[in-house]
Amino acid sequence: MKVTDHIENAKGNPLFSFEILPPLKGQNVQSTFDNIDPLMEFKPPFIDVTYHREEYVFKQLENGLLKKQVVKKRPGTVGICAAIQNKYGIDAVPHILCGGFTKEDTENFLIDLDFLGIDNVMALRGDAVKSETYFKPEKDGHQFASELTSQIQNLNNGIYLDEELQNSSKTDFCIGVAGYPEKHMEAPSIDSDIHFLKKKIKNGATYIVTQMFFDNQKYFDFVDKCRLEGITVPIIPGLKPIATKKQLNLIPHRFKVDLPDDLIMGIVECKDNIAVRNVGIEWCINQSKELLKKGVPVLHYYSMGKSSNIHQIAKSVF
Ligand code: FAD
C-alpha cells in the first residue's frame with residue numbers, strides 16, 4: 001500500500017516508521033531481521049531501506065602504482081525490501097538515487113521494484129562520491145531529484161525511455177522526497193531550497209521526509225514555510241537519537257544540522273557512551289512527544305542499523 005494511503009487510513013492516529021541500512025557486504029539478512037523484529041510491536045506500516053552507491057578505493061600495487069577500484073559496501077537494497085515484504089507483510093520503501101544511475105539503470109531498477117510488488121520509492125539525488133567535492137551525475141543520468149521524480153512519474157503514466165514501446169504497462173509508485181528543515185548543505189538559502197522542493201512535488205512526489213533535526217522549532221518553521229509556498233503534502237519528521245559522544249561533531253559535519261545547547265551540554269557532561277545514549281533517548285522522546293502533540297502524521301526514526309534505542313523511544317511514545 002502507498003505511504004500516503006497508510007497516512008489517510010490512520011485517520012489522524014500517528015504512525016511509527018523507521019529507516020534501516022542494508023547489511024554490509026559479508027553479513028547475512030538475519031542481521032537486518034534482528035534489528036527489525038523488536039520494532040514490530042509498534043506496528044510500522046512501512047520501513048525505509050537506504051541505498052548506498054559505489055565508493056572508489058585506491059589499492060597499492062606491487063610496482064607502487066595505485067589502482068582505482070569500485071566498491072559497493074552495502075549492496076542489496078532491493079533484496080532487503082523484498083525480504084521485508086515477504087517476511088513481515090509490510091511495505092518496504094527502497095531509496096533510489098540519481099548518483100551512479102543512468103536513466104536506463106533507473107528504469108530497469110523501477111521495473112524490478114514493480115515486479116516485486118513494491119508500491120513506494122524515496123527519490124533522492126545522493127551525495128558526491130567521497131573522492132569528489134561536488135555531485136556529478138552519470139553521463140546519461142539525473143542531476144537533481146526533481147528529474148528523477150519526473151522519470152518515476154512518467155513510468156506511472158506508462159511513458160518509458162523507449163518511445164516506440166506500444167501498450168506499455170503503467171506503474172503506480174507513491175514517490176517520497178527529502179526536505180531539509182535547516183536547508184540542504186549546498187542550497188544558497190532556505191527559500192531556494194523550498195523552491196526546488198516544490199518542484200519535486202510538482203513533478204509527482206506526494207510526501208516529504210525530513211532530514212534529522214534536534215530542535216523541533218526548526219521543523220515547525222520549515223512546515224510553515226512549505227505551507228506558505230503552497231506545498232500541501234504530508235511532511236514526515238525524521239528523528240535520530242544521538243548515541244555516542246563522537247556524534248556530537250560527526251552529525252553537524254555530515255548532515256549540516258545544529259544541535260541545541262542543552263543537548264550539547266547534556267552530552268558533554270556524560271562520562272561514557274552509555275550515559276550519552278540515555279541522554280539521546282530522553283531528548284528524542286521529548287521531541288517525539290511534542291511533535292505528536294502538534295499532530296504530525298508519522299514519526300520516522302533513523303535507526304542507522306541499530307534498533308535498541310529506537311525501541312526504548314517508541315515504548316515511551318506509542
Ligand atoms: P535534490 O532535491 O536534488 O537537491 C540537491 C540540492 O540541489 C539542494 O541544495 C537543492 O536546493 C538544489 N537544487 C535542486 N534542484 C535544483 C535546480 N533545478 N537548480 C539548482 N539547484 C537545485 N543519500 C543516500 O546516498 N542514500 C539514501 O538512502 C539517502 N536517504 C535519504 C533520506 C532522507 C529522508 C534524506 C533527507 C536524505 C537522504 N540521503 C540519502 C541524502 C541525500 O541523498 C543528500 O542529502 C543529497 O545531497 C541531496 O539529495 P536530495 O534528493 O535532497 O537532492
Side-chain angles (χ1 to χ4, degrees), residues 1-20 36-49 81 84-95 113 117-123 149 152-153 156 171-179 181 197-198 200-202 204-213 216-241 284-303 307 310-318:
M1 202 205 292
K2 293 180 177 187
V3 166
T4 46
D5 288 339
H6 283 297
I7 292 174
E8 216 173 295
N9 292 348
K11 298 192 176 16
N13 290 315
L15 301 171
F16 163 78
S17 85
F18 59 97
E19 174 185 293
I20 58 155
I36 296 177
D37 285 343
L39 299 177
M40 289 309 289
E41 77 175 89
F42 308 109
K43 301 191 171 36
F46 62 92
I47 299 174
D48 275 55
V49 183
C81 284
I84 288 173
Q85 296 211 157
N86 237 335
K87 182 172 161 70
Y88 301 101
I90 58 176
D91 286 296
V93 184
H95 291 192
L113 298 182
I118 287 171
D119 296 330
N120 304 279
V121 284
M122 183 79 189
T149 304
I152 304 168
Q153 188 62 1
N156 282 347
T171 58
D172 190 17
F173 291 113
C174 170
I175 311 168
V177 288
L197 175 58
K198 195 172 172 185
K200 294 193 271 194
I201 307 302
K202 186 171 152 263
T206 50
Y207 73 99
I208 296 165
V209 180
T210 76
Q211 181 59 281
M212 64 183 75
F213 56 88
N216 284 350
Q217 196 53 49
K218 301 248 165 84
Y219 168 83
F220 299 137
D221 292 347
F222 174 69
V223 173
D224 286 348
K225 271 182 182 288
C226 288
R227 300 301 183 223
L228 270 175
E229 282 305 308
I231 296 173
T232 56
V233 301
I235 303 179
I236 300 174
L239 297 172
K240 149 116 190 86
C284 196
I285 290 172
N286 290 336
Q287 272 195 280
S288 304
K289 286 185 174 167
E290 189 186 19
L291 288 161
L292 287 187
K293 265 197 205 143
K294 293 270 181 174
V296 297
V298 184
L299 288 175
H300 184 73
Y301 294 93
Y302 295 109
S303 80
S307 63
I310 308 292
H311 185 270
Q312 261 180 271
I313 294 160
K315 197 126 194 111
S316 289
V317 174
F318 287 93

What's the spacing between K218 NZ and Q211 CD if we round to 0.5 Å? 12.5 Å
Evaluate Y302 against V209 for side chain to side chain contact (heavy atoms under 4.5 Å, CB included), listing each step before the verdict. CA-CA 11 Å; Y302 295 109; V209 180; 4.0 Å; yes
So do I310 and P241 actually touch side chain to side chain, heavy atoms under 4.5 Å? yes
Rounded to the nearest 0.5 angstrom, the CD1-CD distance for I90 and Q85 is 8.5 Å
What heavy-atom pair brings R227 and T232 nearest, and what distance separates the two atoms? NH1-C, 3.4 Å
With a 4.5 Å limit on heavy-atom distance, are the side chains of V298 and V3 in contact? no
Search all heavy atoms of I175 against all heavy atoms of G204 and return the closest pair with its distance. CD1-O, 3.8 Å
CG (L291) and CG (L299) are apart, to the nearest 0.5 Å, by 6.0 Å
For the side chain of Y219 and the backbone of I235, is there at least one donor-acceptor N/O pair under 3.5 Å apart? yes
Applying side chain to side chain contact (heavy atoms under 4.5 Å, CB included), run through H95 and E19 and close with a yes or a no. CA-CA 10 Å; H95 291 192; E19 174 185 293; 3.4 Å; yes
Side chain proximity check, I236 to I7, heavy atoms < 4.5 angstrom: yes
Measuring from K293:NZ to N216:CG, what's the distance to the nearest 0.5 Å? 11.0 Å
Is it true that E41 and K315 make a salt bridge, defined as a side-chain N closer than 4.0 Å to a carboxylate O? yes
Checking T210 side chain against G238 main chain: does a donor-acceptor pair fall under 3.5 Å? yes
Quiz question: by atom type and distance under 3.5 Å, do the side chains of E290 and N286 form a donor-acceptor pair? no
Using atom types as modelled and distance alone, determine if a side-chain donor or acceptor of K200 lies under 3.5 Å from a backbone N or O of A178. yes
Between F46 and H300, how do the two ring planes meet: parallel, tilted or perpendicular, split at 30° and 60°? parallel
Nearest heavy-atom approach of P44 to S17 is CB-CA, 4.4 Å
Sub-3.5 Å donor-acceptor pair from the side chain of D119 to the main-chain atoms of K2, do we have one? no
Please tell me whether Y88 and D37 have a donor and an acceptor in their side chains that are separated by less than 3.5 angstrom. yes
Nearest-0.5 Å distance that lies between atom OG in S288 and atom OH in Y301: 3.0 Å
Qualifying residues under side-chain contact (heavy atoms from CB on, under 4.5 Å), relative to K225, sequence neighbours excluded: I190, D191, I194
Please determine whether the number of non-hydrogen atoms from other residues, nucleotides or ligands lying under 6.0 Å from atom NZ of K43 exceeds 12. no
Working to the nearest 0.5 Å, report the span between CD1 of I84 and CD1 of I20. 4.0 Å
If I compare all heavy atoms of P45 with all of L15, which pair ends up nearest, and what's the gap? CG-CD1, 3.9 Å
Could you check if a side-chain atom of F213 sits within less than 4.5 angstrom of a side-chain atom of L239, using non-hydrogen atoms only? yes
Run M1 and N9 through side chain to side chain contact (heavy atoms under 4.5 Å, CB included) and show every step you take. CA-CA 11 Å; M1 202 205 292; N9 292 348; 3.5 Å; yes
Quick one: closest heavy-atom pair of I231 and I208, and the distance? CG2-CD1, 3.8 Å
Of all heavy-atom pairs linking F16 and A314, the shortest is CE1-CB, 3.9 Å
